[in-house]
Amino acid sequence: MLELILIALAKCVFLFLAFLLGGAAILSWVERKMSAVIQDRIGPNRANVLGLTVFGLFHPIADGIKMLFKEDFVPARADKVLFFFAPMLSFVPPLLAFMAIPFGPPIAGREWLLVSDSQMGLLFLLAVASIGIYGHTLAGWSSDNKFSLMGALRTSSQLFSYEVGLTLSLLGVFMVYGTILPQSIIAAQSELMWGWLPRWGIVTQPLAFILFMLSSIAETKRAPFDLPEADSELVAGYSTEYSSMRFAMFFLSEFVGILLVSAFGAVLFFGGWHVPGLSGDAWWIVALQVGAFLAKTGALVYLQMLVRWTVPRMRFDQVIGFGWKYLIPFGLLNLLVTAVVLAVWR
Amino acid sequence: MSHERLPMPDLTCREMLLQMGPSHPAMHGTVKLDLRLDGETIVGVDTTIGFLHRGFEKMCENSTWNQCFPYADRLNYVSPAINGVGLALAIEKLCGIEVPERTRYIRVILSEIARIQDHLTAIAAAALELGGFTAMLWAVEARDHYYYLFEDVTGARVTLSYCRVGGVRNDLTPDFREKFNRAAAITERLLVDIDKLLTRNRIFVDRMRHIGVMPAAQAIDWGFSGPCLRASGVPYDVRKDDPYLVYDRVDFDVPVGDNGDNFDRYLVRMEEIRQSLRIIRQCFDQMPEGPVNHPDWHVTHPPKSEVYGTIEGMIAQFELVFRGPLVPAGEVFQSVEGGNGELGFYIVSDGSGRPYRLHVRPPCFAIMQSLETMLMGTMVADIIPTFDSINMIGGEIDR
Amino acid sequence: MVAKVKNVGQPPLNLTESLYVTELVRGLLTTNRHFWRNWLRRKDTATLEYPDRKRPYSPRWRGLHRLMLREDGSPRCVACMMCSTHCPANCITIVAREHPDPAIEKVPASFEIDLLKCIFCGYCEEACPCDAIRVDSGVHAQPVYGRDEAIIDLADLLSRGSQSTSKQGGRSL
Amino acid sequence: MPVLTIDSRQVEVEAGTTILKAAAKLGIDIPVFCYHDGLPVAANCRMCLVEVKGAPKPCPACEVQVRDGMEVLTQSPLVLEARKAVLEFILLNHPVDCPICDQAGECVLQDHYFAHSAGPSRIQVRKVHKAKAVPIGPNVMLDKERCINCTRCVRFCREITKTSQLAQVQRGNHTEITVFPGRQFDDPYSLCTVDLCPVGALTSRDFRFRKRSWLLKSIPAVCPECSRGCNVWVDVADGQVWRVRPRENQAVNRWWACDQGRLAFRRFEGQRADRALVDYAPRDATRAATMAAAATAAGRLQTIRSHGGRVVLVLSPMVSLEEGYAALRFASVILGEKLVLLAPRPDGTADSLLRTVDANANRTGLAKLAGLMGFEVADLGGFFASPAAVEVAGLLSVGAEYPVPPLPPGAKMSQAVTLSHCLDPVADKSTVLLPIPAHFEKDGHYVSTAGLVQRSHQALPPAEAVAQVHSLLSEMASKMGGTLGFTDLPSVRSAALSLAGTGEGSHA
């Protein structure tokens, strides 16, 4: 029992904190640097330690320190309790959701690289990730600011709408591989079709991938679905009144969300840690496979970032319309086709 | 798109009052909008201007004619070169003098560069307000190269104080044309990229088309001018309809739109940038060599060598500085095609060296008053893009 | 000249365009191109890393004022107040005093420019009949902690000065 | 009377009129340098050349008299060309001095050149240099290079003051204005030559380099230095008087003013009363502190009055009619007095041109006003020598600058309240001093020795603590339980002027 607790703790520390918080911090740098480079700028490169700038990689650290020391401002007529808890409520769920994501293959028959080997599998992920909505909604409501309130309302209606699309897009994958356990899905994807093509989700469910990416971008509230914090009309939406570490929690939760979505996408559509033609128990193979998983996640992060800095923002009614008029019908269509094909196939 | 709402008899709905501005992060120029919202739909807009009032007209009445030019730069600070040209033309019309040929071309070139800057800014703002940050920065990047050009010629990037009564501060730099060609090439390349990002993108089109619609007849009634009027389909352009300087010698098209919505305004501006580049290239080909200032010392400062060395130049210099150029008594109206419409100067002289009255007709003032009409029934998210498509400039509207 | 009118109206979006994806991909390819061109070679990068790399300013660039000097190092300025009169911002304050040498007669006792009021329009240089004040120093106005510090005085203006060879008051004639 | 045509417009003038004056009647301005209405015609500058039909050459308009049927052109090409040529000739040896020349901005040469020529120089020769910055007198500085030899100054000294201290010597290029060797240009009207000089050859040593002329604002006022009541322009800038110049008034001073009067505005520099003093202790330099001091003064006078003591009004004849009226009204209504003591400045010396013996600006007016209000007017010195002075327990003095006579032995004097603008011997003997505006800081009417009522306008705002006489006295009156019946300056003015039955410009 003690051993189990210790192992779980170690997983939490290494997989969770190191990977997630470090990853989220680095993503803030990636976001800034990438947007800069796309826009013909140079981007952050001034923060240095002993004259070393390392492409500006010290900026996230400097940002973190800055956030820590900023004044924690609370509006006079805010609901203090909710105002205090809302950032946590939005920060914790995406972290929790990572419990269901396997980072690498089972080693010696045990899932070392998965925090919680739960039988709920990806359903747990979907369930937990949705809780974050409350954080944003309450943050906007408790701020006593009309712009925040509008941001909060937009968040809730947008996220509820796209939750449906997201789930529908996943159902097809679950049907194809016949399981909701991430390890099993990855294992099923490592098979080859026609002897050469890996049975990755992107091959078997291409439409589902597009729908998944679109709805998950909406879930992470990024362009073109970044209405809740649409700076041009709502200042900063639900986080308008937040500052200091509380703002940092919203800020980080967005990047954790990106990581989560990318890792999720890598597991479902790109075979997770699977590298075609690579199998075995040797440590370097495992390392390669973990690396492959990270690379796939990274590629999806890149895609999301690229989208963020390419497209304009939709309007609120267009976003909701897009969700209900395009995503959900296409999701249902995908489901129907998948069901028919599967029925015929078997 | 219909914004009609279903009746909801069982729910008690109240309109929400929302005050946007005067220092809202997205408000370009200080203006305050008191909105009445039904959900996110706008049912009332009350616009308040005047937060940037600096008493431009009154300041001018207490300065010599030449001292007005630095103030005029601060009217439409997005395209400052045009303001100076407009004011100079008005004063010269009253004086009844013609500036040298070369100066006329220089003024056209700088005006068109300023127009390019103005339109690039408006396009950048259109993209920015829709979250298209990349397109915005590309437009701003293109604009920056023209700032370098201005710096080369006038000594400042925005606050040029370049035009004078009877001429300009100094001639173009020898490598100006070459530098302009470089900047123009960059602009054209970036315009293609912006075009790819925005023009046929459905998200962008959905956000812009049929928003902020202003039909042609109504636009004329409101006193629209410039790109906003042309977007409504009225081919009115001061450069064509009342040509000044050398606009009657260059070949260019007047772009017009169909619906008078935000999308048409964006397209008109995109096209006008290309037309402006065309005009400038023609001007370079036609421009003669020669002096840039009117030889009459009653209006233009004598050359420095004359001032330093001869009592004649010294006296003229003194009189021009403490008394001001001799502008005959009378009144005159002169308008030029500004970045966002017809920029007019109405000046009255009592024969002294200072304006007796100087009034500016800011193009966006007329357009701004129709904001309520344009916004009614649209949504909160449409306010800022529509507001931007007007290209309201605080310095100009509040004066 | 008859106005040549060019209609810039765009046709409605076709099917692929209205399905978002094709135009999205086109946009992504554009941004992607910018990213790799700039990431690998900084090909189109427009930003200058300012304090490390400086763009040469135009010789006409208007910066901090300076007062030019005579051959003997004294200021050329004779406190004629042309600059303060022509200044549209009223930022120049000069107090004149008598000079013992009747060939010079008048010199500034104090010459102060309030940089908070100054708009760097260069009118002082344009008005100066003695080539005494110039704005071509190429130096930026520095930020200050107090309003008093923004007022630069005669010594400061002269410290940037150099000898001018233009004849003053027609004396060389 | 001859009828002539100037620029195709007909005008009928007296025989013997010059073309210049005939043109002026039509509103046609002919530029001049040497001509001045108050001086004999010299016609040596040639700036006023006009074309007369039939004359072989252009004629000087200032000298040529009209003839019936004469046709004059003032804007013909010949005239314009002549003007340009004259200007070019005058500028031939003119130094490039505008930056260091005080005349710049009000220089006739600058204005004429800019209006009539404004062309570049064609001169290739070396200029003739002459002496610069020569202090020829206590008040006047001469720059010989700048002189255009119009001889206005020479004619002024010869014809108006008749001192003939200036002369023109040498010939041609080397002509210059000078004083006789070993002599000073100490004419009491020497500064008039500075005004007359169309260029900067003669400049005021007092005004020299202090302020640029175009920064000055001129306000019409009346000089208070003697009873002539010379009309002057007060030139102010930055809240300060920089110089005083004569203002043309043919009835009083014509175009002139004496040096003494012009420089008198500096008299109180450094000894202005800018705050109230109570028992020699200065109060805050605020309006409220001054009003509080006025209340204190009122309280003390009230105490004297309630003990049956007598408070007598001392009035300086330097104050305006308005101030005098307010003071007299206070004396009759609040103090119950029918005696006013006039305290004049000592007599000056008169001269043949303007200066009068009486050095007080308003003695005529105040004496008349006091008489009309039923006051007995006495002289301060005479009263103090009389036995009645012993019984006086308090003095209220409005205006100062008068010599203080010794108190009679056994005097019961306990309080002296003074309303004054300066810290002079009167202030030194006052128990309460209330600051009032100095002459150029107030708006008021004065009656000259010839009985002419003239208005002097406010040129400067006074310091913050300084209060107008009428408001101080109103405040004191209300504290002493009475009212004077006026609230603001216009009501004081209308009361004073209607009482005296006079208006501005009328003879009292």
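In what follows, chains carry the letters A, B, and so on, assigned in the order in which the sequence lines appear, proteins first and then strands, with residues in each chain numbered from 1.
- A 6.0 Å sphere centred on CZ of C:Arg33 holds more than 12 heavy atoms belonging to other residues, nucleotides or ligands.
- Among the candidates C:Lys106, C:Glu105, C:Met82, the residue making the largest number of heavy-atom pairs closer than 4.5 Å to chain D is C:Lys106.
- Atom CZ of C:Arg55 is surrounded by more than 12 heavy atoms from other residues, nucleotides or ligands within 6.0 Å.
- The number of heavy-atom neighbours closer than 6.0 Å to CD of C:Glu98, taken from other residues, nucleotides and ligands shown, is above 12.
- Closest heavy-atom contact between C:Cys80 and D:Pro99: CB-O, 3.1 Å.
- Not a single salt bridge (charged side-chain N to carboxylate O under 4.0 Å, His left out) links D:Arg171 to another residue, sequence neighbours left out.
- Contact residues of residues 184-213 of chain D toward chain C are D:Arg208, D:Phe209, D:Arg212 (heavy-atom distance under 4.5 Å).
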